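The next block holds one structure in the form of structure tokens; read it before the comments.
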Amino acid sequence: MFNIPKKDAITFVLFAIVVLTMPIWLAPLGASYPGLLQKFAIYALLAVGYNILFGLTGYLSFGHAAFLGVGSYAAVWSFKLLSMNPVLALVFAIFFSGLFALAIGFISLRRSGIYFSILTLAFAQMSYKLAYSVLSPITHGENGLQLTLQDPRAIDMMFIERGSSLPTSSLFGIPMNGYAGFYFCAVILLIGFFIAQKITSSPFGMMLKGIKSNEDRMNYTGFNTKPYMLTAFVISGIYAGVAGGLLSITDPLAGAERMQWTASGELVLMTILGGVGTLVGPVIGAWIIKYFENIFSAFNESVLHNFFAFLPDNFESIVVLISSKFVGEGWHLTLGLMFVLVVVFLPGGIMEGVRRISARFSNRKDPSKGEEVIDPENLPKPDLKKGE
Amino acid sequence: MSIKKNGVTRRKVLKGASAGLITAGVAPSIFVKGAWAQDFRNDPKGGDVVLGFNVPQTGPYSDEGADELRAYTLAVKHLNGEGDGGMLNTMQPSNLKGNGILGQKVTYVTGDTQTKSDAARDSARRMIERDGALIITGGSSSGVAVAVQALCQEMGTIFMAGLTHSNDTTGKDKKRYGFRHFFNAYMSGAALAPVLNAEYGSDRRAYHLTADYNWGWTQQESIQNATEALGWETEKNVLTPVGAGDFSQYITPILNSGADVVILNHYGKDMVNSLTQAIQFGLKDRQANGKNIEIVVPLFSRLMAQGAGENIKGILGTANWNWSLQNDGSKAFVKSFGAEYGFPPSMAAHTCYVQTLLYADACERAGTLYPPEVIKALEGHKFDGMGNGATEYRAEDHQCFKDVLVVRGNQNPTSQFDLLEVVQEVPRSQVEYDAKIFGGELGPYEVS
């Protein structure tokens, strides 16, 4: 069960090192604080799960944020009703997001291509609108679902006294809102990554790739592709649900805008930016977008003045004036430009860039081994073949 | 592939070993990092006092957010003794000396809420966890205020709310660490209803269009209760989706409903759109029950009035503050804001500026930055000279009680900023309510 191809094992070990040492290597980038580290781990998990659907089968779901939201609500309700235990909350998140994905997938997968995307988008927007107003008794609408002092917390109340302040989620007494929360998310991310690797290299994964390259042909050879698609959809929905659950565990408030179409769109951006169909690419994409959103958006003019202080005064103010358009409230602009550049010059995402660079380096170092590095399997494939 | 085999295994072993070493090395330092428990979070220990300004820089309320940020930077200047001092000179009682807070220089960090709870909490966490912010302040939406306030309670960081009008912020979702200077929907209703009664008579039928989320509901409920208490009837309440853009399908049924007052419980761009379309449909030129149909917008601001242009003329509503007020505090603030930026401040800017000064003053009075002591200094604090007359921070729910302005869209504006005229300053006693009616619990002073 735990044996995977050697290449995957290396990837996994490297990935684990990178993830677990994030507090160190992100420090010089100004991103090493629990809040953002947790988000990095959680959105990476979300992207890995999304890639199982979009990367392997080529089905572009525009509604994954709905599962994220369902997972978060399920986790907060488990906190409110039963216990502050994060594992129990994750179980709830998995169950409800899986159920929800099954229902939406069952209907949406009757169509493929753009129609599938629109259906998922419609379902997600519907869930968002419901959560925002109609279902307010369950979701608390705009204010978001929060813990209160009067929550029943049935299981917890059997063992401990009701405190005067709001409880935090904790595992064996370790609170989940600081660095410990990050490590909890990181471990779940690694588990998720491992499972994704297993799926990719399994016969089931091959089947999904087959669907991506030509679904009709799969059908003609006698495979009923629908159950495979539905399984992939549910698995990927569960990943999103777990990510949502983790969002609630590290920060117990679930808001409706987590389900908005912009959140789903962001997920698509992450995957495309990093590299569709690769395991690590979506993760990198997720990190870049979260980094921009949290760090770049916080640069204001005084920060820029400090940064460019070494320049002569007149020149400095011009540089600050120009660059201030791209940071702070202009962070969307920078991200957009970057996205355009990546899509135009590196259609396979950042991972394609990495591959090109590494191919060039190894060629130069040892030309005799050149052929070996260029692995036909890893060459950028033209994606989004659906609808051909 | 097979050529690589040996190298790969060796490398794998090395990588595995180094991973183990690094994690072993990192782990202890991480647990030390979390050990701030002895004193309070982000104690500057004699260094600069860092304030966290969390405002919408992108999204539907970015205009308000930009104005809030202007007010904050101005407040920081005044606290540090730069500029003309603004309301530092008019605030009573004041312990601010223009030498920062407790003699320590004031600096600030900023974040973008995007008017989304998640984004707002993310940026608040960044400012608290990374940048060492002592307080979080700002925001232009009740959903965000409630979300950030809950986070701040957990973190033990004081939250001075910006523009938030829902009853929930200091009602059922109130928190010990959250404070609101802005007025709320209940006060709008209580202040507006008697004026409506005097202007339009007590025999009226109201038709509500309400933004379909918490703020809209609490405002609609408050206005309905206040007007019905004076003898009005409520014909119908229709919920409209937020950000609808096109309100025509909601406006046409009004024409034949028999209602003669239309109340638009919308804010921001929604209000601009619904009001503009209501006027385009000729609602104001028509009659029902032998009376002219009137339109009321319970909450509006100068920025919204600018968006609505001509259509705002003659429309009644309420506001927390307006720059045309002629008291010392308002004049001092408008003067220094105008000198700095060249135009008068909005009410969002005013409330944010006042909140910053109130926090600084509370620290001076408490003689410490330790949050529970600062909270105690703010609770029940009575002050004057901040533009709203005598004001009290009620201890039971951390809501400021002060006079409420009933305003009307100016018929003959003298400048592009002179859009609202103050009809009446409704005294505090008329808008006061029992803190218990909304429920909720403040929670503890000390959080670990």
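Letters A, B, ... mirror the listed sequences (proteins, then strands); counts begin at 1. Computed from a predicted model, the values in this text were never measured in an experiment.
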With only heavy atoms counted, which part of N214(B) is less than 4.5 Å from chain A, the side chain, the backbone, both or neither?
both
Tell me which of these, V109(B), L151(B), D212(B), has more heavy-atom pairs under 4.5 Å with chain A than the rest.
D212(B)
If you count the non-hydrogen atoms of other residues, nucleotides and ligands that lie under 6.0 Å from NZ in K172(B), is the total more than 12?
yes
Full working for side-chain hydrogen bond (donor to acceptor under 3.5 Å, both in side chains) between T168(A) and E154(B)
CA-CA 8 Å; T168(A) 46; E154(B) 262 171 58; over 6 Å; no
Options R121(B), M127(B), Q153(B), E441(B), ranked by heavy-atom pairs under 4.5 Å with chain A, top entry:
R121(B)
Among residues at least two apart in sequence or on other chains, which ones pass side chain to side chain contact (heavy atoms under 4.5 Å, CB included) with T110(B)?
N300(A), F53(B), Q57(B), L69(B), Y108(B)
Looking only at heavy atoms and a cut-off of under 4.5 Å, which of S62(B), G143(B), S166(B), P241(B) has the most pairs with chain A?
G143(B)
Taking atom CG of D122(B) and atom NZ of K39(A), what is their separation to the nearest 0.5 Å?
3.5 Å
Once rounded to the nearest 0.5 Å, what's the spacing between atom OG of S123(B) and atom CG of L36(A)?
11.5 Å
Between R126(B) (side chain only) and N294(A) (backbone N and O only), is there a donor and an acceptor less than 3.5 Å apart?
yes
Main chain of G30(A), side chain of R130(B): is a donor-acceptor contact present, judged purely on distance under 3.5 Å?
yes
Spatial distance of atom CG (D251(A)) from atom OG (S117(B)) [nearest 0.5 Å]:
10.5 Å
Using non-hydrogen atoms only, which part of S72(A) is less than 4.5 Å away from chain B: side chain, backbone, both, or neither?
neither
Has E129(B) got a side-chain atom pairing as donor or acceptor with Y33(A)'s backbone, closer than 3.5 angstrom?
no
Interface residue of largest heavy-atom contact number with chain B, from K129(A), Q150(A), Q260(A), under 4.5 Å
Q150(A)
As a quick check of understanding, evaluate side chain to side chain contact (heavy atoms under 4.5 Å, CB included) for R125(B) and Q38(A), giving each step before the final call.
CA-CA 11 Å; R125(B) 279 186 82 173; Q38(A) 292 161 3; 3.1 Å; yes
Quick one: CD on E293(A) to OG1 on T58(B), what's the gap to the nearest 0.5 Å?
9.0 Å
By side chain to side chain contact (heavy atoms under 4.5 Å, CB included), which residues pair with L333(A), not counting sequence neighbours?
F326(A)
Could you pull out the closest heavy-atom pair between E257(A) and D118(B), with the gap in Å?
OE2-N, 3.4 Å
W217(B)/S133(A) under side chain to side chain contact (heavy atoms under 4.5 Å, CB included): CA gap, chis, key distance, verdict
CA-CA 10 Å; W217(B) 304 334; S133(A) 48; 4.2 Å; yes
